[in-house]
2 protein chains.
Amino acid sequence: MDNETITIYDVAREAGVSMATVSRVVNGNQNVKETTRRKVLDVIERLDYRPNAVARGLASKKTTTVGVVIPDIANSYFASLARGIDDIATMYKYNIVIANSDGDDNKEINVVNTLLAKQVDGLVFLGHDLSDKIRAEFSRTRTPIVLAGAVDHENQIPSVNIDYNKATKEATLVLGKHSQKIALISGPMVNAINGKERLVGYQAALKELNQTFSEGLVFETNYSFNDGVKLAERVKISGATAAIVSDDEVAVGLLNGLVDRGVKIPEEFEIITANDSVITEFTRPTLSSIEQPLYDLGAVSMRLLTKMMHKEEVSEKSIILPHGIVMRGSTK
Amino acid sequence: MDNETITIYDVAREAGVSMATVSRVVNGNQNVKETTRRKVLDVIERLDYRPNAVARGLASKKTTTVGVVIPDIANSYFASLARGIDDIATMYKYNIVIANSDGDDNKEINVVNTLLAKQVDGLVFLGHDLSDKIRAEFSRTRTPIVLAGAVDHENQIPSVNIDYNKATKEATLVLGKHSQKIALISGPMVNAINGKERLVGYQAALKELNQTFSEGLVFETNYSFNDGVKLAERVKISGATAAIVSDDEVAVGLLNGLVDRGVKIPEEFEIITANDSVITEFTRPTLSSIEQPLYDLGAVSMRLLTKMMHKEEVSEKSIILPHGIVMRGSTK
DNA sequence: TTGTAGGCGTTATCAT
DNA sequence: ATGATAACGCCTACAA
């Protein structure tokens, strides 16, 4: 009663050739006479035949699909990376299956496993420092994996990053020109996005500034606008007069929270945020930021992954993209 | 030389049972003696066996994967919907393959086809009024499809929306209290997100306000922050003293562009935007908005899709979620 | 409760 | 240039 799924056999029969031939024209194999090619193409059109990618995947052991593990697709930073990834993936005829990990170690392992079960040809892993468990998981699969905006401290897995340590240090030094008390607003410390690098850079800068490191100036958040807003009061009380923030949404919240409390920015309080996503221009004053090529981080990592999937030689496994500091309204 | 891919046969041999039995325990079939189940589970663990989802998909004709066609994942409005979709999908054990369409008719058709070729169990289509071509494509597939934040004027395809017409009318009426010239900032007119509904609602409100509709007060954009910024000058020149905007990023740009030009908001110019995404709170003043349950739009549509995929009866095919108007800083 | 065997829709290897 | 015919890894009646 329903339209049966039509297969390569149907096309073959209808066109009076073997399925092998149909397969050849579908796959652009040159060894087909032009006339039969036409004939087959016609039938394909007429029958509205659409090759079954699953069967194809089973037979060829390639799915033309890559998995993307992402902490939160609704976060503009990750969304930008995702966009870069998808564009390049599309360019190379890959599709993307996205799985939110919420930055949770266990969920990460979970989604990585289901992604691998789905036989993705490759994996892009976003956002977190690698936990030992996940690294173990990665090490026993042949599936190519690339980290984007995430560092592997063992330096085993190919990755695309900026130098978070250096960038954070530079940003902190900028704030140090006018501030004696600089706060560090990070993600959840146990598992922050490049948290260690950032902390190290921050501390190195403090040392150079002859400022003492104080736990009381380090604040943890869960990467959300509201976290930033809520933090404003605590930060104000801490006596800090500047902050380096690890996530743009948090920074926007903090800035607005501070402004709403009558704090003058940048006169009384300076902020530099970390990701230079579009939202840094949404506020007044606008947010100064570590400048990083978000889209490119995604795009380059996907490009790297395609090379690995195609078994091309990759000279550089740990790609560091250039960064900078954009001075906008939240710094003097 | 490498770790061979290990299959259900390996497990069967190693456990001294048939592959059917292994399949049973993997799929949680109850007809397995507890002791053999244990035995099999042990071997699975020991061999680190991971069922091949592709083979499974071919044999069972189910991929536990749903396709999501999205205009731009980097847009916070769509990203919110996507998050809702993914959460519910995960809850029901589905994965999501995302494809950006850029709101382009041809790309849409393209990605829909590759998604269908991949045998997704269902499809969520975001963002646009349906073109005839895409509707034709949809009508000749058995794959369940749900529209989220997109209306089908033929009312054939299940969808989850708010009443854009009514919401736009209400918002326009609010602006009409203080303004004689209300601009409508839409997406690309040919293919705007629910563009027709919004235009109709806008015009209905004008009529009720005894204001005349003028082409000069309708502005098209491409849904980006920068479009909004650029538009500020033109809108100002047009003499409008209020605007209803179809996209939050555009609204943010417009607001900032206006503020930067010395326009006082809301005193001299009022704005109501359309999507109530987080970024409406990023600006100062904050943006008043049509209020809509973004996450729920995604979540509900995915829930509806699961029902369809499981062949459950669905009573209501066109779900309208409630909306409201949030008055924030950009209105008097 | 467990095993056997026939698909699922392609690709890919050999022949012809 | 074209056609048989095995895989590919699993599910699922059907038997036992």
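Numbered from 1 within each chain, the chains take letters A, B, ... in sequence-line order.
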**OP:** Mind calculating the distance between CD (B:Q119) and C1' (C:dC8) to the nearest angstrom?
**Re:** 11 Å

Original post:
With sugar-phosphate meaning primed atoms plus P, OP1 and OP2, does B:V17 contact a base, only sugar-phosphate, or nothing at under 4.0 Å between heavy atoms?
Top reply: sugar-phosphate

**OP:** Looking at every strand, decide which applies to B:S23 at a 4.0 Å heavy-atom threshold: base, sugar-phosphate, or nothing.
**Re:** base

Subject >> Closest nucleotide among D:dC11, C:dT11, D:dC10 to the B:N52 side chain >> reply: D:dC10

Original post:
Separation of B:R56 atom CZ from D:dC8 atom C1', in whole Å?
Top reply: 16 Å

Original post:
In whole Å, what is the span from the CG atom of A:N29 to the C1' atom of C:dT11?
Top reply: 11 Å

Original post:
With nearest nucleotides of DNA chain C determined for B:A59 and B:V32 from heavy-atom distances, which residue corresponds to the more 5′ nucleotide?
Top reply: B:V32

Original post:
Could one point to a donor on the side chain of A:R24 or the base of D:dG3 with an acceptor on the other under 3.5 Å away?
Top reply: yes

**OP:** Please state how far atom CZ in A:R13 lies from atom P in D:dT2, giving the value in whole angstrom units.
**Re:** 19 Å

**OP:** Check whether any side-chain N or O of A:S60 sits under 4.0 Å from OP1 or OP2 of C:dT11, and answer yes or no.
**Re:** no

**OP:** With rounding to the nearest 0.5 Å, note down the distance linking CE in A:M308 to OG1 in A:T143.
**Re:** 10.0 Å

Original post:
Is any NZ, NE, NH1 or NH2 atom of the basic residue among B:K107 and B:D102 found under 4.0 Å from an Asp or Glu carboxylate oxygen of the other?
Top reply: yes

Subject >> 5'-most by nearest nucleotide on DNA chain C - B:E34 or A:P51 >> reply: B:E34

Original post:
Within the distance-only criterion (no hydrogens, no angle test), does the side chain of B:T90 pair as donor or acceptor with the backbone N or O of B:D86 below 3.5 angstrom?
Top reply: yes

Original post:
Within the pair B:T7 and D:dG9, is there a side-chain N or O less than 4.0 Å away from OP1 or OP2?
Top reply: no

Original post:
Looking only at side-chain N and O atoms, does B:Y49 come under 4.0 Å of OP1 or OP2 in D:dC10?
Top reply: yes

Original post:
Going through the distances and angles, do A:K317 and A:S159 end up as a side-chain hydrogen bond (donor to acceptor under 3.5 Å, both in side chains)?
Top reply: CA-CA 6 Å; A:K317 298 228 179 217; A:S159 62; over 6 Å; no

**OP:** Return the value, rounded to whole Å, for the distance between atom NZ of A:K62 and atom P of D:dG9.
**Re:** 13 Å

Original post:
Is any side-chain nitrogen or oxygen of B:T5 closer than 4.0 Å to OP1 or OP2 of D:dG9?
Top reply: yes

Original post:
In whole angstroms, how far is the C1' atom of C:dG7 from the CG atom of A:L58?
Top reply: 12 Å

Original post:
Among D:dG9, C:dT10, C:dT2, which nucleotide sits nearest the side chain of A:M19?
Top reply: C:dT10

Original post:
Taking only N and O in the side chain of B:T36, is any of them less than 4.0 Å away from OP1 or OP2 of C:dT2?
Top reply: yes

Subject >> A:K39/A:D42 ion pair, N-O < 4.0 Å >> reply: no

Original post:
Can the ring centroids of B:F138 and B:F125 be said to lie less than 6.0 angstrom from one another?
Top reply: yes

Subject >> D:dG9 OP1/OP2 closer than 4.0 Å to side-chain N/O of A:K61 >> reply: yes

**OP:** Name the nucleic acid region contacted by B:N31, choosing base, sugar-phosphate or nothing; use a 4.0 angstrom heavy-atom cut-off, strictly under.
**Re:** base

**OP:** Take the protein atom CG of B:D10 and the nucleotide atom P of D:dG9, then report the distance between them rounded to whole Å.
**Re:** 9 Å

Original post:
Rounded to the Å, how far apart are A:Q30 CD and D:dT2 P?
Top reply: 13 Å

